[in-house]
Participant: 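First the structure, which I've put down as structure tokens, then a few questions once you've had a look.
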Amino acid sequence: MTPERTYVYLNTVRKGMDGDATVVFSGPGELAIGPAPEFGGRPESLNPEELFVAAINGCLMMTLSYFLQRSNIEIESYEADAEAQVQKDSDGLRFVAVAVHATATVKDPSVAEKVCDLAGLAEKHCLVSRSVSCPVHYHLSVEVSEE
């Protein structure tokens, strides 16, 4: 039987009297945050809702990258847009769905189908999307670059 592994990720949130808040990460430094504009925040501030969606989007990309590397498949580029829906129910606001629409560009048309298969593995194994209560849908299209 394989022993369980435990990973710990740390950050600290600080808020001053002026209303601004900062998240301090254990490695990359600080990030200013505030409420979403619909909750009284400034549009130029990052907010926890955007960070939640970005965490899912980034994790799917990194998980796909892991499977691509293991399969010795190179892509030229990757771009993904993520959108999440929030609804109010009897318990309050909650995320009800996240959709990620990604495009990968490859040079070799023979790997396009394999990249799509690996995207399915990424969707299945992404740590962040597996850890949330709302459904996450990952849609990847593969384009072949013109040389």
Side-chain angles (χ1 to χ4, degrees), residues 2 4-13 15 20-147:
T2 305
E4 291 185 28
R5 288 191 241 172
T6 301
Y7 301 94
V8 178
Y9 299 95
L10 303 171
N11 64 58
T12 301
V13 176
K15 184 175 184 321
D20 291 335
T22 303
V23 178
V24 182
F25 295 96
S26 58
E30 297 183 5
L31 176 67
I33 62 168
E38 53 271 19
F39 303 119
R42 299 181 309 224
E44 64 274 6
S45 295
L46 281 176
N47 58 69
E49 295 82 3
E50 288 177 312
L51 293 170
F52 172 83
V53 178
I56 292 170
N57 196 0
C59 187
L60 283 164
M61 180 196 66
M62 298 311 294
T63 306
L64 175 62
S65 294
Y66 168 80
F67 287 117
L68 289 168
Q69 184 178 24
R70 285 191 54 165
S71 300
N72 293 314
I73 295 175
E74 289 187 28
I75 61 173
E76 285 192 319
S77 65
Y78 177 95
E79 185 171 323
D81 295 319
E83 177 179 275
Q85 294 178 343
V86 173
Q87 290 182 349
K88 188 173 184 177
D89 61 19
S90 61
D91 293 327
L93 293 170
R94 68 184 301 261
F95 285 94
V96 295
V98 178
V100 177
H101 296 275
T103 302
T105 304
V106 298
K107 284 184 181 179
D108 181 0
S110 69
V111 301
E113 187 175 334
K114 180 66 175 172
V115 172
C116 288
D117 293 343
L118 294 175
L121 283 176
E123 184 174 26
K124 180 179 177 183
H125 293 284
C126 171
L127 169 64
V128 176
S129 64
R130 290 183 59 210
S131 300
V132 301
S133 62
C134 67
V136 175
H137 304 284
Y138 185 41
H139 310 278
L140 177 78
S141 62
V142 179
E143 297 177 351
V144 178
S145 65
E146 297 180 23
E147 294 183 45

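None of the values given here were measured: they were computed from a predicted structure.
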Participant: Starting at OG of Ser26, measure out to CG of Asn11 and round the result to the nearest 0.5 Å.
Facilitator: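 Here the interatomic distance stands at 7.5 Å.
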Participant: What distance do Phe25 atom CZ and Leu10 atom CG have between them, rounded to the nearest 0.5 Å?
Facilitator: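 Here the interatomic distance stands at 11.5 Å.
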Participant: Cys116 and Val142: which non-hydrogen atoms are nearest, and at how many Å?
Facilitator: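 Answer, listing the atom of Cys116 first, then Val142: SG-CG2, 3.6 Å.
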Participant: To the nearest 0.5 Å, how far apart are CE in Met62 and CG in Leu127?
Facilitator: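 Met62 CE to Leu127 CG: 13.0 Å, rounded to 0.5 Å.
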Participant: Rounded at 0.5 Å granularity, tell me how far CZ in Phe52 sits from CG in Asn47.
Facilitator: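 Answer rounded to 0.5 Å: 12.5 Å.
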Participant: Within a radius of less than 6.0 Å around CD of Glu83, do more than 12 heavy atoms belonging to other residues, nucleotides or ligands occur?
Facilitator: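 Atom CD in Glu83 is not crowded, with 12 or fewer foreign heavy atoms closer than 6.0 Å.
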Participant: Identify the two heavy atoms, one from Val144 and one from Lys107, that lie closest to each other, and give their separation to 0.1 Å.
Facilitator: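 Scanning both residues completely, I find the closest heavy atoms to be CG1-O, 3.8 Å.
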Participant: Considering all heavy atoms of both residues, which atom of Val100 and which atom of Ala80 are nearest to each other, and what is their separation?
Facilitator: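 Smallest interatomic distance, heavy atoms only, reads CG1-CB, 4.0 Å.
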Participant: Roughly how far, to the nearest 0.5 Å, is the CG atom of Leu68 from the CD1 atom of Ile73?
Facilitator: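 The CD1 atom of Ile73 sits 6.0 Å away from the CG atom of Leu68.
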Participant: Let me see the working for Leu46 and Val23 under side-chain contact (heavy atoms from CB on, under 4.5 Å), right down to the final yes or no.
Facilitator: CA-CA 11 Å; Leu46 281 176; Val23 178; over 6 Å; no
Participant: If you count the non-hydrogen atoms of other residues, nucleotides and ligands that lie under 6.0 Å from CD in Gln69, is the total more than 12?
Facilitator: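 Counting other residues, nucleotides and ligands, CD of Gln69 stays at 12 neighbours or fewer.
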Participant: Answer yes if the side chains of Thr105 and Ser77 hold a donor-acceptor pair under 3.5 Å, and no otherwise.
Facilitator: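 There is such a pair between these side chains.
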Participant: Checking side chain to side chain contact (heavy atoms under 4.5 Å, CB included) against Ile56, which of Ser129, Ser131, Cys134 comes through?
Facilitator: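 Output: one option passes, namely Ser129.
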Participant: Quick check: are there more than 12 heavy atoms from other residues, nucleotides or ligands sitting under 6.0 Å from CD of Gln87?
Facilitator: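 Atom CD in Gln87 is not packed in, count stays at 12 or less.
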Participant: Checking Asp89 side chain against Arg94 main chain: does a donor-acceptor pair fall under 3.5 Å?
Facilitator: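 Such a contact is absent between Asp89 side chain and Arg94 backbone.
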Participant: Angle class for the His125/Phe67 ring planes (parallel below 30°, perpendicular above 60°, tilted otherwise)?
Facilitator: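 The rings of His125 and Phe67 sit tilted, inter-plane angle from 30° to 60°.
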Participant: Between Gly40 and Pro35, which heavy-atom pair has the shortest distance, and what is it?
Facilitator: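 So the minimum-distance heavy-atom pair works out to C-CG, 4.4 Å.
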Participant: Mind listing the closest non-hydrogen atom pair of Glu30 and Val24 along with its distance?
Facilitator: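 Here Glu30 and Val24 meet closest at CG-CG2, 3.7 Å.
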Participant: Nearest 0.5 Å, please: how far is CG in Leu140 from CE in Met61?
Facilitator: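 The CE atom of Met61 sits 12.5 Å away from the CG atom of Leu140.
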Participant: Taking all non-hydrogen atoms of both residues, which atom of Cys126 and which atom of Thr63 are closest, and how far apart?
Facilitator: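 Shortest heavy-atom contact: CA-OG1, 3.7 Å.
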